[in-house]
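See structure below.
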Amino acid sequence: MLPPTRADVTIIGAGAAGLMAAIWAGRANPQRTVVVLDGARTLGAKILVAGGGRCNVTHDIVTADAYAGGSRNAIKRVLQRFDVPATIAFFQELGVELKREETGKLFPVTDQARTVLNALLAGVRQSGAQIYHPCRVTEITRQDDDFQLGGDWGSVQTTRLILATGGRSLPKSGSDGAGYGLVQELGHTLTKRIFPALVPLTLPKDHVLCTLSGLSVEATLEVRAGNGQRLAGFTGSTLCTHFGLSGPAVLDISRYWIDAQMDDRAATLTINWWPTETVASFEAQLLNLGKQAPITLLRRGLPERLARLLCAEAAIDPGAPGHNLTREQRKALVRAVIEWPLPITGNRGFTYAEVTAGGIPLPEIDLKTMTSRVCPGLHLCGEICDVDGQIGGYNFQWAWSSGYVAGISV
Ligand SMILES: Cc1cc2nc3c(=O)[nH]c(=O)nc-3n(C[C@H](O)[C@H](O)[C@H](O)COP(=O)(O)OP(=O)(O)OC[C@H]3O[C@@H](n4cnc5c(N)ncnc54)[C@H](O)[C@@H]3O)c2cc1C
C-alpha cells in the first residue's frame with residue numbers, strides 16, 4: 001500500500017525511536033494523519049537482533065553518566081521526561097512484562113525480542129498511525145511551511161516531520177547514515193566525527209592474544225592520553241577472538257579509544273587481566289613468592305592458557321621458583337598482567353558496531369520538545385542525535401525517551 005499524498009505528521013524511520021514517536025504522536029493527535037515511512041523491507045531488524053535476540057529494553061538504573069556525545073546535562077533532561085519506571089509501565093501497557101537480570105539489564109520475560117517488536121507495531125496500529133514500507137526517503141524539500149518527502153515510491157507532503165533515521169551501525173538493517181544527508185539539507189550540521197561505538201577492536205594478524213580465541217575473562221581496560229592522563233576505564237567480560245578483542249568491556253571502551261587516538265596518536269589502551277590487583281599489590285605478591293612458581297600464583301586469578309601466555313610474554317619460566325625472578329623479569333610480568341598495552345590496529349566498523357557515536361549536535365535541538373532549532377516543524381529523536389550509551393539497554397532508553405518527547409510534541 002502506498003502512503004497518502006498528504007499527512008499532518010510524518011515520521012521517517014520505524015526503528016525504536018520512530019515507533020515510539022509514532023505511538024505518542026498518534027495517541028496525542030487521534031484526529032490527525034500520522035504516517036511512518038521506512039526504507040526497510042523487513043521492519044525492526046535492529047530490535048530483533050538486539051541483546052542476542054532477547055532485546056535488552058532498558059537498564060534498572062539509567063543515569064546520564066552511561067552516555068557520551070552531547071553534554072550529560074542535556075541528555076539527562078530528555079531521559080527524565082520518560083524514565084525507567086515510565087518505560088516499564090509503557091511496555092506493561094503494551095502487554096510486555098520486563099524482568100530484571102543480575103546485571104541490572106531489563107529483558108522481556110519471554111526472552112524474545114519479537115515480543116517487543118510485535119507490541120510496538122500493535123501500539124502504532126492502536127494509536128491510529130500507519131506504517132508504510134519499503135518507502136525510502138531520498139529527498140526532502142520545503143514547500144512554504146510544509147515538507148515534501150520523496151522517493152521512488154512517490155511523495156508525501158507533511159506539516160510536521162520527525163526524523164528518526166538512526167545512525168550508521170548495522171547498515172544492512174536500513175540505518176546506513178542516509179538521514180545525515182537529509183538533515184544537513186534541512187540546515188543542520190553534524191559533529192565533526194561520526195564513528196562506530198560499541199564495536200569490537202582488532203589486533204595485528206597472528207597476535208598472540210588471537211591464539212586464545214574463545215577465551216573470556218573479567219578484565220579492566222583503560223584508555224590513557226599520551227601524557228598518561230586516564231580518559232576512560234571499564235571492567236567487565238573480555239573476549240579474545242580470532243581478529244582481536246570483543247565482549248562488553250571492550251565494546252564499552254571502544255568509543256573512548258577510537259575518539260582518543262584520533263586526537264592523540266600516543267594514546268594507549270591497556271588491559272589488566274586481574275582487575276582486583278594493582279601494579280603495587282601484584283608486585284608485592286611476586287616478591288613474596290619464595291619457592292612458589294609464578295604460574296601457581298597466576299592460576300589463582302587467571303585461566304591456565306592465559307597465565308602461561310602472560311609468562312611467555314614476560315619471557316619468564318612459569319615453573320621456576322619465584323625468588324629466582326630478576327627485577328626486570330618481575331617488572332615484565334607485572335606489565336603483562338596488570339598493564340599490557342594493546343597494539344590495537346582498528347575496529348570492526350559500522351557493520352559490527354551496535355551504535356554510532358556523533359550525529360546532530362544537541363545544542364541544535366530544543367530538548368523540551370526535540371524540535372530543531374534550525375528548521376521549524378522538524379523534530380529529531382534516537383540515534384541520529386549526538387548521543388551514544390554503554391552496553392546495558394541505555395541506547396534503547398535514549399530511543400524511548402527522545403521518541404516519546406518528539407511524539408507528544410508534534
Ligand atoms: C547488533 C545490535 C544489538 C543491539 N542491542 C541493543 C540492546 O540490547 N540494547 C540497547 O539498548 N541497544 C542495543 N542496540 C542499539 C539500538 O538498537 C539502537 O541504538 C537503536 O535501535 C536506535 O534506534 P533508532 O530508532 O534511533 O534507529 P534505528 O533502529 O537504526 O532505526 C532507524 C530506521 O530508519 C530507517 N531509515 C533510515 N534511513 C531512512 C530513509 N532515508 N528513509 C526511510 N527510512 C530510513 C531504517 O530502515 C531504520 O528502520 C543494538 C544495536 C545493534 C546493531
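Scope of the values below: all heavy atoms of this structure, side chains included, with no hydrogens, waters or symmetry mates. Counting starts at 1 for both ligands and their atoms, following the listed order.
Under a 4.0 Å criterion applied to the non-hydrogen atoms of Gly13, ligand 1 contributes the atoms 33 (C), 34 (O), 35 (C). Short contacts between ligand 1 and Ser173, defined as distances under 4.0 Å to a heavy atom of the residue, involve ligand atoms 47 (O). Numbered from 1 in the order shown, with element, the atoms of ligand 1 that lie under 4.0 Å from a heavy atom of Ala353 read 53 (C). Residue-ligand proximity, Asn395 to ligand 1, at heavy-atom distances under 4.0 Å covers atoms 11 (O), 12 (N), 15 (C), 19 (O). Every atom of ligand 1 with a heavy atom of Gly382 under 4.0 Å away is listed here by number and element: 26 (O). Ligand-side atoms of ligand 1 in range of Tyr394: 11 (O), range being under 4.0 angstrom from any heavy atom. Every atom of ligand 1 is numbered from 1 in the order shown, and the set under 4.0 Å from a heavy atom of Leu170 is 53 (C). Applying the 4.0 Å criterion to heavy atoms of Val49 picks out, from ligand 1, the atoms 1 (C).
With a 4.5 Å cut-off on side-chain heavy atoms, His188 and Leu380 count as touching. Using a 4.5 Å heavy-atom cutoff, the side chains of Phe147 and Gln157 are not in contact.
Salt-bridge annotation for Glu339 and Arg224: absent, with no side-chain N of the basic residue lying under 4.0 Å from a carboxylate O of the acidic one. Contact check on Glu283 versus Lys331 returns a salt bridge, with a Lys/Arg side-chain nitrogen under 4.0 Å from an Asp/Glu carboxylate oxygen. Between Glu97 and Lys99, no side-chain nitrogen of the basic residue sits less than 4.0 Å from a carboxylate oxygen of the acidic one, so the salt-bridge criterion is not met.
Environment of CD in Gln31: crowded, with over 12 heavy atoms of neighbouring residues, nucleotides or ligands closer than 6.0 Å.
Of the heavy atoms in Ser169, none comes closer than 4.0 Å to ligand 1. Contact annotation: for Asp38 versus ligand 1, heavy atoms closer than 4.0 Å belong to both the backbone and the side chain. By the criterion of a heavy-atom distance under 4.0 Å, neither the backbone nor the side chain of Trp398 is placed next to ligand 1. Counting heavy atoms closer than 4.0 Å to ligand 1, residue Thr58 contributes nothing at all. Using a 4.0 Å cut-off between heavy atoms, Ala164 contacts ligand 1 through its backbone alone, with no side-chain atom that close.
Under the 3.5 Å distance criterion, the side-chain polar atoms of Ser175 are left unmatched by any main-chain donor or acceptor of Ser169.
Any N or O atom pair closer than 3.5 Å counts here, and Leu182 shares no such pair with ligand 1. Among the atoms of Ala50, none of the N or O lies under 3.5 angstrom from an N or O of ligand 1. Between Gly51 and ligand 1, at least one pair of N/O atoms sits closer than 3.5 Å.
Note on ligand 1: Gly393 sits in its first shell, one or more heavy atoms being nearer than 4.0 Å. For the ligand labelled ligand 1, residue Cys135 lies inside the 4.0 Å heavy-atom shell.
Here the CD1 atom belonging to Ile316 is positioned 6.5 Å from the CD atom belonging to Gln329, to the nearest 0.5 angstrom. Atom CG of Leu161 sits about 7.5 Å away from atom SG of Cys375, to the nearest 0.5 Å.
Closest heavy-atom approach to atom 26 (O) of ligand 1 within the set Glu383, Gln397, Lys105, Glu139: this belongs to Glu383.
Side-chain contact, Gln397 with Thr58: a donor N or O sits under 3.5 Å from an acceptor N or O.
What sits closest to atom 2 (C) of ligand 1 on the protein, heavy atoms only, is Glu354 CG, 3.8 Å.
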Fill in: Derivation of the side chain to side chain contact (heavy atoms under 4.5 Å, CB included) call for Leu190 and Ile360
CA-CA 5 Å; Leu190 297 172; Ile360 304 168; 4.2 Å; yes
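The one candidate from Phe90, Trp24, Phe91, Tyr394 that meets the ring pair (Phe, Tyr, Trp, His ring centres under 6.0 Å) condition with Trp400 is Phe91.
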